[in-house]
Amino acid sequence: MKKTISLTLVLALCLVAKVTKADFTFGEPVNLGPTVNSSSGDALDFISYDGLKMYFDSRRSGGYGNWDIWLSTRGATDDDWDDPVNLGPTINTSQAETCAYISADGLELYFSSYNRPGGYGNYDIWVSRRETIDDDWGEPENLGLSVNSSKIDGGPFLTADGLELYFYSQRSGGYGSDDIWVSRRATKDDPWGEPENLGPIVNSSASESLPFLSYDGLLLLFSEDYYGPFRSGGLGNVDMWMSRRMSISDPWGTP
């Protein structure tokens with residue numbers, strides 16, 4: 001399907017999730033080299049808050065079919081990344097598992113999966129939990145119809161307090177193709193609430209996907225879908241965009 005191919009290719013836009021402040025300047029990109037990258041397609045999902053664990057998607061050999069989630073570690077932030085390890089058959093399947101995001105306490109793993117048994121159709125968002133950071137990941141649970149729909153739902157991003165889940169979706173009620181939505185919960189033990197669309201300043205008749213927030217919640221980064229439609233004012237094809245706000249209670253500014 002066109003959209004499946006689209007989501008596969010747009011994985012290359014997954015960003016490093018930890019951004020400590022909104023007043024920064026991006027440096028020149030540096031290739032991570034052949035230990036991390038392969039000839040099969042590799043897409044960065046998330047770097048842990050201590051900077052020592054990197055989760056990414058890959059179709060390299062040694063996986064379980066299609067896109068799998070892999071983990072590379074390092075002893076210190078100045079060290080090179082070690083050989084990647086597949087997260088194994090509890091998380092990965094013969095379908096596509098992508099866009100991993102780990103909660104700040106390291107005990108929840110959110111990810112997207114395509115047509116995984118027990119889902120609601122197309123891409124759904126799932127969560128796996130563990131008791132301690134030294135334990136294995138538990139059996140993934142679908143986030144249910146409070147978050148997922150029969151349309152595409154993917155690219156989860158969890159805020160540092162664990163109370164807001166940003167993601168993109170093609171569900172009804174949006175402004176065009178992929179839109180960015182947010183679901184909230186009162187505590188980490190509560191279920192996720194009904195998702196809210198971020199509205200027409202961030203979302204448009206074009207495609208908005210793969211949301212990431214700065215640690216202080218004042219900067220929103222997102223990309224377009226590989227097949228578009230693309231936002232006006234970009235540099236051509238898929239671009240990355242950012243929106244700012246003065247406080248977490250203020251609306252998002254024009255991207």
Side-chain angles (χ1 to χ4, degrees), residues 11-38 40-64 67-92 97-113 125-140 155-167 188 210-221 223 240:
L11 288 172
L13 295 175
C14 286
L15 303 171
V16 178
K18 181 185 177 185
V19 181
T20 56
K21 295 183 179 180
D23 55 346
F24 58 87
T25 300
F26 287 108
E28 288 294 324
V30 177
N31 192 290
L32 293 189
T35 300
V36 172
N37 292 311
S38 69
S40 302
D42 308 280
L44 178 61
D45 291 341
F46 174 79
I47 292 180
S48 61
Y49 286 85
D50 61 9
L52 303 182
K53 298 181 179 64
M54 175 170 58
Y55 294 82
F56 66 97
D57 310 323
S58 181
R59 301 181 72 175
R60 68 186 62 205
S61 62
Y64 294 87
W67 289 91
D68 278 2
I69 300 172
W70 295 69
L71 170 65
S72 181
T73 60
R74 58 185 178 182
T77 55
D78 293 333
D79 292 343
D80 293 332
W81 292 104
D82 294 333
D83 289 334
V85 176
N86 190 287
L87 290 196
T90 300
I91 301 299
N92 294 310
E97 281 74 38
T98 61
C99 290
Y101 194 88
I102 313 296
S103 60
D105 60 12
L107 303 182
E108 289 184 322
L109 165 62
Y110 290 81
F111 64 95
S112 306
S113 186
I125 299 173
W126 297 71
V127 62
S128 175
R129 298 180 175 89
R130 57 187 179 184
E131 291 295 321
T132 73
I133 59 174
D134 296 320
D135 291 330
D136 294 332
W137 289 109
E139 191 67 30
F157 174 92
L158 188 70
T159 53
D161 61 10
L163 302 183
E164 292 186 332
L165 181 70
Y166 288 77
F167 62 98
K188 294 180 181 179
L210 296 172
F212 286 85
L213 272 70
S214 59
Y215 189 81
D216 60 12
L218 303 182
L219 178 70
L220 169 68
L221 302 169
S223 75
M240 296 181 187

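Along the sequence shown, residues are numbered consecutively beginning with 1.
- Asp80 CG: 12 or fewer foreign heavy atoms inside a 6.0 Å radius.
- In this structure, the separation between OH on Tyr166 and CG on Leu158 is 11.0 Å, given to the nearest 0.5 Å.
- Summarising the geometry of Pro211 relative to Gly155, their closest heavy-atom pair is CD-O, 3.7 Å, with the distance given to 0.1 Å.
- Rounding to the nearest 0.5 angstrom, the gap separating the OG atom in Ser40 from the CG atom in Asp68 is 11.5 Å.
- Listed here is the closest heavy atom pair of Gly106 and Trp137: O-CH2, 3.5 Å.
- Expressed to the nearest 0.5 Å, how far OG1 of Thr132 lies from CG of Leu107 amounts to 7.5 Å.
- Residues Lys188 and Asp105 share a closest heavy-atom pair of NZ-OD2, 3.7 Å.
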- Query: Does the pair Asp57 and Ile69 meet the rule for a side chain to side chain contact (heavy atoms under 4.5 Å, CB included), with working shown?
  - Reply: CA-CA 5 Å; Asp57 310 323; Ile69 300 172; 3.8 Å; yes
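- Under a 3.5 Å cut-off, the side chain of Ser128 and the backbone N or O of Glu139 do not form any donor-acceptor pair.
- Looking at heavy atoms from C-beta onward, Cys99 lies in side-chain contact with Leu210 at the 4.5 angstrom threshold.
- At least one side-chain heavy atom of Pro140 sits less than 4.5 Å from a side-chain heavy atom of Thr90.
- Once rounded to the nearest 0.5 Å, the distance linking CD1 of Ile102 with OH of Tyr55 reads 4.0 Å.
- By the neighbour-count criterion of 12 heavy atoms within 6.0 Å, atom CG of Asp161 is densely surrounded, having more than that number from other residues, nucleotides or ligands.
- Closest approach of Tyr215 and Ala160 over heavy atoms only: CE1-CB, 3.6 Å.
- Here the straight-line distance linking atom CZ of Arg59 with atom OG1 of Thr98 works out to 11.5 Å at 0.5 Å rounding.
- Considering only heavy atoms from C-beta on, Leu87 comes within 4.5 Å of Leu109 through its side chain.
- Listed here is the closest heavy atom pair of Asp83 and Thr35: OD1-CG2, 3.5 Å.
- Heavy-atom minimum distance, Arg60 versus Pro84: NH1-CG, 3.7 Å.
- A distance-only check finds a donor-acceptor pair linking the side chain of Arg74 to the backbone of Gly51 [under 3.5 Å].
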- Go through the steps to decide whether Asp216 and Ser214 satisfy the test side-chain hydrogen bond (donor to acceptor under 3.5 Å, both in side chains), and finish with yes or no. CA-CA 5 Å; Asp216 60 12; Ser214 59; 2.6 Å; yes
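- Ring planes of Phe157 and Phe212: perpendicular class, angle over 60° (limits at 30 and 60°).
- Here Ser103 contributes atom OG and Tyr49 contributes atom OH; the two are 8.5 Å apart, rounded to the nearest 0.5 Å.
- Between Leu219 and Leu213 the shortest side-chain heavy-atom distance does not fall below 4.5 Å.
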